[in-house]
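Worksheet: one structure, shown below.
Just so we're on the same page: letters track the sequence lines, and every chain starts at 1.
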Amino acid sequence: MNFVEELKWRGMLHDIMPGTEEQLQKEVTPAYVGIDPTADSLHIGHLVSVMMLKHLQIAGHQPIALIGGATGMIGDPSGKSQERNLLDEPTLRHNQECIKNQLSKFLDFDSEEANVALLVNNYDWMKEFSFLEFIRDVGKRITVNYMMAKDSVKKRLGEESKSGMSFTEFTYQLVQGYDFLHLYQNNNCKLQMGGSDQWGNITTGTELIRRVAGGEAFAMTCPLITKADGTKFGKTESGNVWLDPERTSPYSFFQFWLNTSDEDAERYIKIFTLLSKEEIDALVAGHKEAPHMRSLQKKLAEEVTIMVHSKEEYEMAVEASQILFGKGTAEQLRKLNESTFLAVFEGVPQFTISKTELAEGINVIDLLAEKTEVFPSKGELRRTIKGNGLSINKEKIGDPDLIVNNDYLIADKYILAQKGKKNYFLIIAE
RNA sequence: GGGAAGAUACCGAAGCGGUCAAACGGGGCAGACUGUAAAUCUGUUGGCUCAGCCUUCGUAGGUUCGAAUCCUGCUCUUCCCA
């Protein structure tokens, strides 16, 4: 199966320029996607582009990840209703390093083969480019009429846009287009890929290559990832889902994929894992038989967590999930060693309390509503207890007069309070 | 500039002198069910030293034994006429 066919059955192909497939069959083709270095970590929204590069490398072509240092300083108007904040250079370099680190989990940057992955930063060639040179060498080749015809521009000039569009943003597509030209001339790069919202920007590049270099270059986009319920993909209540374990713990990362809805799971597993068509077909069939087993979600979460983090992190996440959602019991909880315990409850709101005070025994209500802010008011806590909604160390508390003392400590240090099923709070005795 | 209506808890919206911490709907939270889902059902949704008490109905005063409810000033909102 060739690269294009591969993307096609995975549902990762939205639009493709005629001739692209032929080009890929002809020779080892370098192709790039752009990545905005707005943060020092990728998030799962970037993952689709990364997977495209990965498939590209597997198919024997050369993946190029372009860090949009220069373009990130401008801001892509596509899909944005407002101007973007600009990044300074030190931040940019830092972000670039972190991103490269993450990419190396997916792409082979050290191969001896011709299809070794490359990482470039367009800031490196844009920073020396003077304005005069740019408008003479690049700007001269593209008409404003052409640029105005792009959807991303039209939208910003249209009536629904309140803020207007700066000249800086207007030139964005030229700068991105020039990247393509630069890579075409220096790396023989003939293909640019990206999300379907990038089509306009990409074709500016192919147009530029045709007019400046007389060459032929190609474009390919993948559909934007959507969710069946219409909410935005890749977001949780707590924000973006990052690849960086410091920003999103492997446990939360795992949970994100596990909680994928049935409607979305099939699409996602094709896009975000490297499982073969046969394997996925079997999983989908199995899932239809027994949807409550959620075999699709489990496999999806497993594959992606291992790929982004590691097998160990995955196993830890499964273990944590069992304690939190499975038949986790008080004994199981007490059996955990401290480091696992902390990993399981990493990211859970924490409160501290003095150990000596606890030794004397504290009433549950005082402990959770006064000494700590697990509950905002005592009344609410009382209601929760009445409604059978409070657990301490995985055991239901029904008595509002309960006295908590050192006997409740896990690993001689922690008390786990639980509001309802899903809300955990960690109290640390010091 | 003139006139009218209105401002109630997270949101919408009842209440028009005592029985009002305030109907009802939405949302939130919790319980049951379940697949860590959806739907459904149940409870709860100002605070506290919790069968009681305290602070809330735009804001500041007033009338009254008693005010979300009546009166006055102020602020804001909406509508109509200039």
Using the side-chain heavy atoms of [X], tell me which of these nucleotides is nearest: [options].
| X | options | result |
| --- | --- | --- |
| K378(A) | rC48(B), rU44(B), rA32(B) | rC48(B) |
| N423(A) | rC29(B), rU36(B), rG31(B) | rC29(B) |
| K419(A) | rU36(B), rC29(B), rG47(B) | rC29(B) |
| R382(A) | rU49(B), rA32(B), rU36(B) | rU49(B) |

Looking across every strand, which nucleic acid part, if any, lies under 4.0 Å from [X] by heavy atom: base, sugar-phosphate, or nothing?
| X | value |
| --- | --- |
| R294(A) | base |
| L258(A) | base |
| N388(A) | sugar-phosphate |
| Q297(A) | base |
| G420(A) | sugar-phosphate |
| S377(A) | sugar-phosphate |
| K298(A) | nothing |

Euclidean distance for [atom1], [N] against [M] (whole angstrom):
| N | M | atom1 | answer |
| --- | --- | --- | --- |
| rC57(B) | rC79(B) | C1' | 24 Å |
| rG58(B) | rG35(B) | C1' | 48 Å |
| rU45(B) | rU49(B) | C1' | 22 Å |
| rC10(B) | rU75(B) | P | 26 Å |
| rA82(B) | rC74(B) | C1' | 26 Å |

Checklist entry - Between R93(A) and E89(A), does at least one N-O distance fall below 4.0 Å, as a salt bridge requires? => result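 Salt bridge between R93(A) and E89(A), a charged N being under 4.0 Å from a carboxylate O: yes.
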Next on the checklist: Taking pairing as Watson-Crick or G-U wobble with both contacts under 3.5 Å, can you name the mate of rG1(B), or confirm there isn't one?
Outcome noted: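 Base-paired to rC81(B).
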Item to check | Pairing partner (Watson-Crick or G-U wobble, both distances under 3.5 angstrom) of rG6(B) | outcome: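 Matched rG6(B) with rC76(B) under the 3.5 Å cut-off.
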Item to check | Between F253(A) and H309(A), ring centroids under 6.0 Å | outcome: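 Between H309(A) and F253(A), which both carry aromatic rings, the centre distance is below 6.0 Å.
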Checklist entry - Are F345(A) and F341(A) close enough that their ring centres sit under 6.0 Å apart? => result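 Yes: the rings meet the under 6.0 Å criterion.
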Next on the checklist: Less than 3.5 Å apart, any donor N or O on the side chain of T206(A) or T203(A) sitting next to an acceptor on the other?
Outcome noted: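 Looking only at side-chain atoms, T203(A) and T206(A) do not form any donor-acceptor pair under 3.5 Å.
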Next on the checklist: Can you confirm whether the side chains of T352(A) and E430(A) place a donor and an acceptor under 3.5 Å from each other?
Outcome noted: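 Short answer, no.
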Checklist entry - In whole angstrom, what separates K396(A)'s NZ from rA30(B)'s P? => result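 Value for this atom pair: 10 Å.
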Checklist entry - For K422(A) and G389(A), take the nucleotide of RNA chain B holding the closest heavy atom to each; which residue's nucleotide lies nearer the 5' end? => result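 Its nearest nucleotide lies further toward 5', so the answer is G389(A).
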Next on the checklist: If you assign T260(A) and I365(A) each to the RNA chain B nucleotide with the nearest heavy atom, which residue ends up on the more 5' nucleotide?
Outcome noted: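 Of the two residues, T260(A) wins.
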Checklist entry - Going through the distances and angles, do E279(A) and K299(A) end up as a salt bridge (charged side-chain N to carboxylate O under 4.0 Å, His left out)? => result CA-CA 11 Å; E279(A) 287 172 287; K299(A) 190 70 182 165; 5.9 Å; no
Item to check | K386(A) (side chain) and rU45(B) (base): donor-acceptor pair under 3.5 Å | outcome: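 Checked by distance alone, the answer is no.
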Next on the checklist: Can you tell me whether the side chain of Q255(A) and the base of rU36(B) have a donor-acceptor pair closer than 3.5 Å?
Outcome noted: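 Side chain to base: pair present.
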